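Right, one structure below, let's go through it.
All values reported here derive from a predicted model rather than from experimental measurement. Naming convention: chains lettered A, B, ... in sequence-line order (proteins, then strands); numbering from 1 in each chain.
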2 protein chains.
Amino acid sequence: MVCYKFGKKMNNNSIFIEKLRSSGLRPTKQRLEICRLLFDRKKTFHFTITDLCKIIKKEINKKISLATIYNTVHSFKKKGYLKEISVNREKSYFDTNTSDHHHFLDIKTNELIDLKKEDVDKINIKKNLPGKKITSIEVLVKIENNN
Amino acid sequence: MVCYKFGKKMNNNSIFIEKLRSSGLRPTKQRLEICRLLFDRKKTFHFTITDLCKIIKKEINKKISLATIYNTVHSFKKKGYLKEISVNREKSYFDTNTSDHHHFLDIKTNELIDLKKEDVDKINIKKNLPGKKITSIEVLVKIENNN
DNA sequence: TTGTAATTTATAATGATTCTAAAGTAGTGT
DNA sequence: ACACTACTTTAGAATCATTATAAATTACAA
């Protein structure tokens, strides 16, 4: 969900309102606040729902209920504004970068770092499963400190 | 954990007992039963802990407590007899195939299918993160029915 | 056989997520 | 501006998976 226009950051909510309306979601106060926290950023943002709850508690005056946070993240995911990346049993991240890309995962800190599609040579799967077609190929590169 | 010898399936537990002892785990009745269910198979086996609980309930006369099932799976993972593959928020699988390999995931059924390393052209990561080294590269190929 | 540390067990506790039903709100038509 | 309706939010309960606890049991070395 783009929040920059003519290279200049939009300070208002008009784009979020448009976007939400155009995908059939009413632009409520809660959704707009969450949009602002998630999408008003230069860099893509990786977060768990627990992370988001903490950020909301810290940054927003009025409380947003837990159920609403879950509902909002799930509807944003369903509408394609968020992508989910599950790295292990404990951590499943949402990613504001919904383009086709890959990830590094620091196995010590669980930090997730975007890896552009262009930074990985084309992946060629030599095995073909009859009756099935490939819908996406996701690469997770696990990393750790170099010493 | 190998359970075939001279191409012939071992009907007894001696290999499991050896293996467990050699990795510092006492070969208890419960662990041996779970070994038998997990490793006495021709094909690699993908399961969630919930799956395993059901299988144990069905196949084993004497009950194994839930805590033991969790403990056993986690210690087998720690000892390198199982590999964990997290495909989404709802499903995290354990895989008896601990070799370096990849997976297909049927996004409709959540079925996981092994993909041999040789069936994927060498993955070349062109981006380098300073101070970090790569410990593994995992590819998840999402598939669905072809119609 | 005995002692001890590892293991298993039932149950309680925790934590994340979903459900529920009532209250509140946005958008439409008047 | 007003009223209506469907959508949304909310607090709290319910559910589900997982982990912690502490007592009973077991493996195994002496």
Side-chain angles (χ1 to χ4, degrees), chain A residues 13-14 16-37 46-57 60-79 81-82 84-94 110, chain B residues 13-14 16-37 46-57 60-79 81-82 84-94 110:
Chain A
N13 283 333
S14 54
F16 297 143
I17 292 176
E18 267 175 49
K19 273 281 183 182
L20 290 173
R21 278 226 186 80
S22 76
S23 51
L25 297 174
R26 289 185 176 173
T28 62
K29 278 193 307 298
Q30 293 84 345
R31 285 175 178 157
L32 288 170
E33 288 284 17
I34 293 174
C35 277
R36 192 173 56 74
L37 291 178
H46 300 124
F47 64 94
T48 65
I49 294 200
T50 310
D51 294 339
L52 182 58
C53 290
K54 285 181 194 146
I55 293 171
I56 287 171
K57 193 170 283 177
I60 297 185
N61 300 319
K62 195 176 169 309
K63 185 193 177 194
I64 298 182
S65 92
L66 189 57
T68 299
I69 298 174
Y70 273 92
N71 289 339
T72 302
V73 169
H74 288 146
S75 51
F76 285 6
K77 184 190 167 190
K78 192 179 293 175
K79 295 300 179 181
Y81 300 139
L82 292 172
E84 191 170 358
I85 300 111
S86 184
V87 297
N88 56 44
R89 177 170 299 272
E90 303 98 50
K91 288 235 174 214
S92 188
Y93 287 102
F94 290 91
N110 267 335
Chain B
N13 283 332
S14 54
F16 297 142
I17 292 176
E18 268 175 51
K19 274 280 184 184
L20 290 172
R21 278 227 185 81
S22 76
S23 50
L25 297 173
R26 288 186 177 175
T28 61
K29 277 194 307 298
Q30 293 84 345
R31 286 176 178 155
L32 288 170
E33 288 284 16
I34 293 175
C35 278
R36 193 174 55 75
L37 290 177
H46 299 125
F47 64 95
T48 64
I49 293 200
T50 311
D51 294 339
L52 181 58
C53 290
K54 285 182 195 145
I55 293 171
I56 287 171
K57 193 170 283 178
I60 297 185
N61 300 319
K62 193 174 172 312
K63 185 193 177 196
I64 298 182
S65 93
L66 189 56
T68 299
I69 298 174
Y70 273 93
N71 289 339
T72 301
V73 168
H74 288 146
S75 50
F76 284 5
K77 184 190 167 190
K78 192 179 294 176
K79 296 301 180 181
Y81 301 139
L82 292 172
E84 190 170 358
I85 300 112
S86 183
V87 297
N88 56 44
R89 178 170 298 274
E90 303 99 52
K91 287 236 174 216
S92 188
Y93 288 103
F94 290 90
N110 268 335

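- Salt bridge absent: Arg21(A) and Glu18(A) never bring a charged side-chain N and a carboxylate O closer than 4.0 Å.
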**Asked** When you look at Asp51(A) and Thr48(A), which way does the side-chain hydrogen bond (donor to acceptor under 3.5 Å, both in side chains) test go after all the steps?
**Response** CA-CA 5 Å; Asp51(A) 294 339; Thr48(A) 65; 3.1 Å; yes

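- Of all nucleotides in DNA chain D, those with any atom nearer than 4.0 Å to a heavy atom of chain B start and finish, going 5' to 3', at dA17(D) to dC28(D).
- dT18(C) atom C1' lies 13 Å from atom NZ of Lys78(A), rounded to whole Å.
- Nucleic acid contact class of Ile64(A) (heavy atoms, under 4.0 Å, all strands): sugar-phosphate only.
- When Leu52(B), Leu37(B), Ile55(B) are each tested for a side chain to side chain contact (heavy atoms under 4.5 Å, CB included) with Phe47(B), only one passes: Leu52(B).
- Here the C1' atom of nucleotide dA26(C) and the CD atom of Glu18(A) are 18 Å apart, to the nearest Å.
- Taking only side-chain atoms of Arg26(B), from C-beta outward, the nucleotide of dG27(C), dA5(C), dT17(C) with the closest atom is dA5(C).
- Residues Leu25(B) and Tyr70(B) each lie close to DNA chain D; by heavy-atom proximity, the contact nearer the 5' end of the strand is made by Tyr70(B).
- The distance from atom CD of Glu90(B) to atom C1' of dT18(C) is 12 Å, rounded to the nearest whole Å.
- Put simply, NZ on Lys91(A) is 11 Å from P on dT17(C), counting in whole angstrom units.
- Ile69(A) places its CD1 atom 11 Å from the P atom of dT17(C), with the value rounded to the nearest Å.
- Among the atoms of the strands shown, only primed sugar atoms or phosphate atoms (P, OP1, OP2) are found under 4.0 Å from some heavy atom of Lys62(A).
- Straight-line distance from the CD1 atom of Ile56(B) to the C1' atom of dT8(C): 13 Å, rounded to whole Å.
- In this structure, Thr28(B) reaches the sugar-phosphate backbone alone: every heavy-atom distance under 4.0 Å involves primed, P, OP1 or OP2 atoms, never a base.
- Inter-residue side-chain proximity for Cys35(B) and Phe76(B) is flagged as met; some heavy-atom pair is nearer than 4.5 Å.
- The side chain to side chain contact (heavy atoms under 4.5 Å, CB included) with Gln30(B) is formed by just one residue from the set Thr72(B), Ile69(B), Thr68(B); it is Thr68(B).
- Sequence order on DNA chain C of the closest nucleotides to Leu66(B) and Gly24(B) puts Gly24(B) first from the 5' end.
- Between the NE2 atom of His74(B) and the P atom of dT8(C) there is a distance of 14 Å, rounded to whole Å.
- Closest to the side chain of Lys29(A), from the set dT25(C), dT17(C), dT8(C), is dT25(C).
- The nearest whole Å value for the distance from the OH atom in Tyr93(A) to the P atom in dA16(C) is 14 Å.
- To the nearest 0.5 Å, atom NZ of residue Lys78(A) and atom CG of residue Asn71(A) are 9.5 Å apart.
- Between Gln30(B) and the phosphate of dT9(C), there is a side-chain N or O to OP1/OP2 separation shorter than 4.0 Å.
- Backbone-only engagement by Lys63(A) is indicated by non-hydrogen atom pairs under 4.0 Å involving sugar-phosphate atoms exclusively.
- Here CG of Leu66(B) is found 9.5 Å from CD1 of Ile56(B). Values are rounded to the nearest 0.5 Å.
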